[in-house]
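In what follows, every chain begins at residue 1, and chains take the letters A, B, ... in the order their sequences are listed.
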Amino acid sequence: MIHLGTQVTAISELDDIDSLVAVYWARVLRFVTFSVGDPDLAQTITQDCFLKAYNGRASFRGECSVNTWLIGIANHLICDHVRLKKFQFWRKARATALDVTEFASFLPSNESSPESKILARERMEQVKAAVDSLSVNQRRVFLLKFFEEMNVEEIAAMTDMPVNTVKTHLHRGIKTIRATLGGTK
Amino acid sequence: MSTTSGSAHLTDEQFAECVTVAPSAESQLHLDECESCRRELAAFDASLSAFGTTAMAWSEATPKVDLRAAAKLRARRTMERPLGWALATAALLLIAVPVWKNHHGPSAGSESAAVSTPDDSADQIAQDNRLLQSVYAELTPQDVSPFKEYGMTDRATSRTKGRMGSRMQ
Ligand SMILES: [Zn+2]
């Protein structure tokens with residue numbers, strides 16, 4: 001069911017490329033960067049994503065949020081890179097992995113003592129390293145769940161993967177992070 | 001670490017189920033009695049949430065691309081590329097003509113012969129084009145999209161649109 005009001009708002013939103021970037025760029029860039037693990041490549045893919053979205057805005061029918069639509073396009077661009085093995089090519093040419101310490105420095109500081117701040121940063125570095133250790137497909141699924149807060153069925157629809165494959169990827173990711181964080185045992 | 005119920009802690013499978021969907025009846029029973037597993041679940045959620053927030057803060061601190069300018073630049077690149085190729089071809093000819101002359105000596109009509117050297121085969125042209133393309137890519141590394149570079153932009157767009165269209169029903 002398409003709500004006409006939502007559709008009209010979204011379409012006029014899509015008409016303004018500057019506000020499209022202002023509102024959605026960071027979120028799409030986050031998904032792409034942490035999926036591909038290379039900030040430079042992520043910039044290129046995100047740029048392609050927004051240009052495609054803007055050029056193809058007439059095809060947006062308001063059946064999902066603009067954010068989901070953009071993430072879907074970004075997801076397909078990442079897939080194209082994986083399928084065409086462009087990663088290896090790009091990595092060889094310019095490997096610019098996001099530095100884990102630099103990343104952890106962006107952790108919002110809610111901690112009271114310097115010690116707990118250091119601990120929290122270390123935990124962030126561990127989570128980042130564990131996410132990096134996953135395959136691109138595992139990571140994509142994992143980030144759609146934990147960044148985009150999609151459920152298993154939504155992820156399956158967006159990625160063209162069977163629900164069970166999505167679950168397997170997710171479980172693998174969760175198991176890795178759980179082990180990194182220490183677990184109960 | 002033991003639990004109050006004496007049973008084993010949540011397995012990876014059960015733990016993942018709790019995180020992705022909801023605890024099964026069995027897992028819930030364990031969670032009700034095991035503070036350790038409850039704490040682990042809460043810590044996992046908190047860590048993942050902090051990971052998302054940190055990643056967002058990083059992403060927001062990254063300078064945004066001026067898409068309007070990028071789109072214009074791409075359009076200009078596409079227009080300029082034939083000119084670039086023409087210049088590169090002219091440069092190649094400038095090199096090729098003296099080399100050919102040196103090999104074959106001055107002769108009548110050598111100018112016109114130089115345009116179609118014996119090496120001017122389709123294979124050779126393709127090889128030269130590949131070389132020029134890689135040189136071109138090397139010279140402008142900062143904004144050559146892999147899609148543009150491989151001439152895939154349009155196909156990728158229509159594919160994406162088609163797939164998205166059918167998926168978002
Ligand atoms: Zn337990």
**Request:** Show your reasoning for whether side chain to side chain contact (heavy atoms under 4.5 Å, CB included) applies to B:T20 and A:I174.
**Result:** CA-CA 9 Å; B:T20 50; A:I174 292 164; 3.4 Å; yes
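- Hydrophobic clustering of Ile, Leu, Val, Met, Phe, Trp and Tyr side chains at less than 4.5 Å, counting indirect connections, unites B:L31 with B:F15.
- More than 12 heavy-atom neighbours from other residues, nucleotides or ligands sit within 6.0 angstrom of CD on B:Q28.
- What you find for B:T54 and A:F103 is that their closest heavy atoms are CG2-O, 3.3 Å.
- Contacts of A:K128 with chain B are made by both backbone and side-chain atoms, with heavy-atom separations under 4.5 Å.
- Scanning all heavy atoms of the two residues, the minimum distance from A:L29 to B:S59 falls at CB-OG, 3.4 Å.
- In this structure, no portion of A:N75 lies under 4.5 Å from any heavy atom of chain B.
- Of the two parts of A:V28, neither the backbone nor the side chain holds a non-hydrogen atom closer than 4.5 Å to a non-hydrogen atom of chain B.
- For A:F50, the parts lying under 4.5 angstrom from a heavy atom of chain B are both the backbone and the side chain.
- Following chains of ILVMFWY side-chain contacts shorter than 4.5 Å, one cannot reach B:W58 starting from A:V100, and the two form parts of different hydrophobic clusters.
- Using a 4.0 Å cut-off between charged nitrogen and carboxylate oxygen, A:R178 and B:E40 count as a salt-bridge pair.
- A:M150 and B:M56 are not part of a single hydrophobic cluster, where members link through side-chain heavy atoms under 4.5 Å apart.
- Taking A:K175, A:M124, A:K167 one by one and counting their heavy-atom pairs under 4.5 Å with chain B, the maximum is reached by A:M124.
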**Request:** Please step through side chain to side chain contact (heavy atoms under 4.5 Å, CB included) for the pair B:T53 and A:F106, ending with a clear verdict.
**Result:** CA-CA 9 Å; B:T53 314; A:F106 284 93; over 6 Å; no
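- For CZ of B:R38, the number of neighbouring non-hydrogen atoms (other residues, nucleotides, ligands) closer than 6.0 Å is greater than 12.
- Interface residue A:R123: only side-chain heavy atoms are found under 4.5 Å from chain B.
- Shown here for B:A16 and A:H171, the closest heavy-atom pair between the two residues is CB-CD2, 3.4 Å.
- For chain A, the nearby part of B:T62 is the side chain; its heavy atoms alone come within less than 4.5 Å.
- Of the two parts of A:L20, neither the backbone nor the side chain holds a non-hydrogen atom closer than 4.5 Å to a non-hydrogen atom of chain B.
- Not less than 6.0 angstrom separates the ring centroid of A:F142 from the ring centroid of B:F51.
- Using a distance-only test at 3.5 Å, with no hydrogens or angles considered, a donor-acceptor pair links the side chain of A:R30 to the main chain of B:G52.
- A:F31 is connected to A:V23 through a chain of hydrophobic side-chain contacts under 4.5 Å among Ile, Leu, Val, Met, Phe, Trp and Tyr, so both are in one cluster.
- Interface remark: A:A22 contributes backbone atoms only to the contact with chain B (heavy atom separation under 4.5 Å).
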**Request:** Test B:V65 against A:Q43 for side chain to side chain contact (heavy atoms under 4.5 Å, CB included), laying out the working first.
**Result:** CA-CA 8 Å; B:V65 163; A:Q43 282 274 353; 3.2 Å; yes
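- Looking only at side-chain heavy atoms (C-beta outward), A:I177 and B:L48 come within less than 4.5 Å of each other.
- Rounded to the nearest 0.5 Å, atoms CZ (A:F146) and CZ (B:F44) are 4.5 Å apart.
- Annotation for A:W25 and B:P63: closest pair NE1-O, 4.5 Å, computed over non-hydrogen atoms.
- With a threshold of 4.5 angstrom between heavy atoms, B:E17 approaches chain A through N, CA, C or O but not through any side-chain atom.
- In terms of hydrophobic clustering, with Ile, Leu, Val, Met, Phe, Trp and Tyr side chains grouped at heavy-atom distances under 4.5 Å, A:V141 and A:V163 are assigned to a common cluster.
- Heavy-atom minimum distance, A:Q47 versus B:L67: CG-CD2, 3.7 Å.
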